[in-house]
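One structure below.
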Amino acid sequence: MLSQRLRIARKAKGLTQEELAEHVCTTKGTISNYENNHSTPPNDMLRQLADILEVTTDWLLGRTNEVTSYAASASIAKEQRSLDELLQEKIDDPDDYYFLDGYLEATEEEKKEIRRYWYDLKKQMKVRQVRETRPPSLFDITEEMKKK
């Protein structure tokens with residue numbers, strides 16, 4: 001229970017294992033061990049983790065399902081939403097709609113293939129050290145034109 005909830009809360013806060021480790025003065029490996037259920041944090045570390053992640057120690061330990069702060073609760077609820085709900089949110093964005101058009105209607109096998117292709121592409125980008133860049137926004141373009 002602790003390992004799963006620690007990972008959920010960390011991701012909900014938008015932290016990497018390394019960033020969380022820095023906050024509590026430990027190593028990424030230690031956080032990884034906690035999240036993979038290879039070790040359990042001592043009480044003082046558990047309190048620090050709960051404070052940083054804005055949850056209770058009882059929630060981390062699975063003694064309650066109540067998360068203290070509203071922000072943390074909302075973030076964790078977002079983390080636990082289904083893939084289809086997250087995709088529907090993206091489809092509501094016109095830019096993402098064309099990219100994801102038809103995904104929700106795809107068969108499970110087609111969805112798996114799309115995800116497999118996407119992960120392979122991301123892996124290749126890492127290997128080639130290609131950095132993701134965002135195209136300039138319309139605002140950026142018009143501002144650049146005003147300067148000329």
Side-chain angles (χ1 to χ4, degrees), residues 1-101 103-104 106 108-141 143-144:
M1 181 65 68
L2 170 69
S3 59
Q4 294 168 341
R5 288 192 171 188
L6 181 59
R7 178 177 285 120
I8 288 169
R10 175 182 58 78
K11 287 182 176 182
K13 288 288 285 183
L15 297 172
T16 64
Q17 288 180 341
E18 191 170 349
E19 290 168 334
L20 180 57
E22 287 174 15
H23 283 294
V24 294
C25 301
T26 192
T27 65
K28 176 186 180 254
T30 300
I31 299 298
S32 177
N33 284 338
Y34 297 158
E35 288 186 3
N36 290 310
N37 211 21
H38 295 301
S39 63
T40 305
N43 290 343
D44 59 329
M45 176 64 75
L46 187 63
R47 280 192 297 275
Q48 287 179 8
L49 290 167
D51 288 344
I52 296 296
L53 299 172
E54 298 178 6
V55 296
T56 63
T57 55
D58 280 348
W59 182 82
L60 280 174
L61 294 170
R63 297 183 66 199
T64 181
N65 288 328
E66 201 170 309
V67 181
T68 54
S69 83
Y70 173 76
S73 179
S75 296
I76 288 165
K78 183 177 180 181
E79 183 73 24
Q80 293 175 331
R81 288 188 298 173
S82 74
L83 179 60
D84 284 349
E85 290 171 319
L86 293 172
L87 282 170
Q88 186 60 53
E89 182 179 296
K90 284 295 182 189
I91 287 172
D92 291 341
D93 180 341
D95 291 334
D96 292 330
Y97 173 78
Y98 293 106
F99 178 74
L100 296 171
D101 186 29
Y103 183 86
L104 294 177
E108 267 315 301
E109 190 58 38
E110 291 169 329
K111 287 179 182 180
K112 285 179 184 177
E113 186 63 28
I114 291 169
R115 288 191 298 264
R116 190 176 309 118
Y117 178 76
W118 177 252
Y119 294 133
D120 287 344
L121 181 62
K122 295 287 280 184
K123 192 185 307 180
Q124 289 174 17
M125 289 176 67
K126 260 187 187 170
V127 168
R128 295 180 186 152
Q129 296 179 341
V130 175
R131 295 181 189 239
E132 293 180 51
T133 57
R134 297 186 104 162
S137 68
L138 185 56
F139 176 78
D140 293 336
I141 293 169
E143 287 298 305
E144 190 65 35

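Counting only heavy atoms from C-beta outward, the side chains of E110 and E113 never approach each other to under 4.5 Å. Using a 4.5 Å heavy-atom cutoff, the side chains of S39 and Y34 are in contact. A 4.5 Å side-chain heavy-atom check between V55 and L49 finds every atom pair outside the cut-off.
Taking CD from Q48 and CG from L20, the interatomic distance works out to 10.0 Å, rounded to the nearest 0.5 Å. Atom CG of L2 sits about 11.0 Å away from atom CZ of R7, to the nearest 0.5 Å. Rounded to the nearest 0.5 Å, atoms CG (L60) and CZ (R5) are 8.0 Å apart. Remark: L6 CG to M1 CE distance equals 13.0 Å, nearest 0.5 Å. Note that CG of N37 is 8.5 Å distant from CD of Q4, once rounded to the nearest 0.5 Å.
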Would you tabulate the side-chain donor-acceptor contacts of residues 23-33 under 3.5 Å, counting partners in other chains and residues two or more places apart, or write 'none'?
from	atom 1	to	atom 2	distance (Å)
T26	OG1	T30	OG1	3.3
T27	OG1	T30	N	3.1
T27	OG1	T30	OG1	2.9
S32	OG	N36	ND2	3.1
N33	ND2	G29	O	3.4

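Qualifying salt bridge (charged side-chain N to carboxylate O under 4.0 Å, His left out) partners for R47, counting only residues two or more places apart in sequence or in other chains: none.
The shortest heavy-atom contact between S3 and E35 is CB-O, 3.2 Å.
Heavy-atom neighbours of E18 CD from other residues, nucleotides or ligands within 6.0 Å: at or below the threshold of 12.
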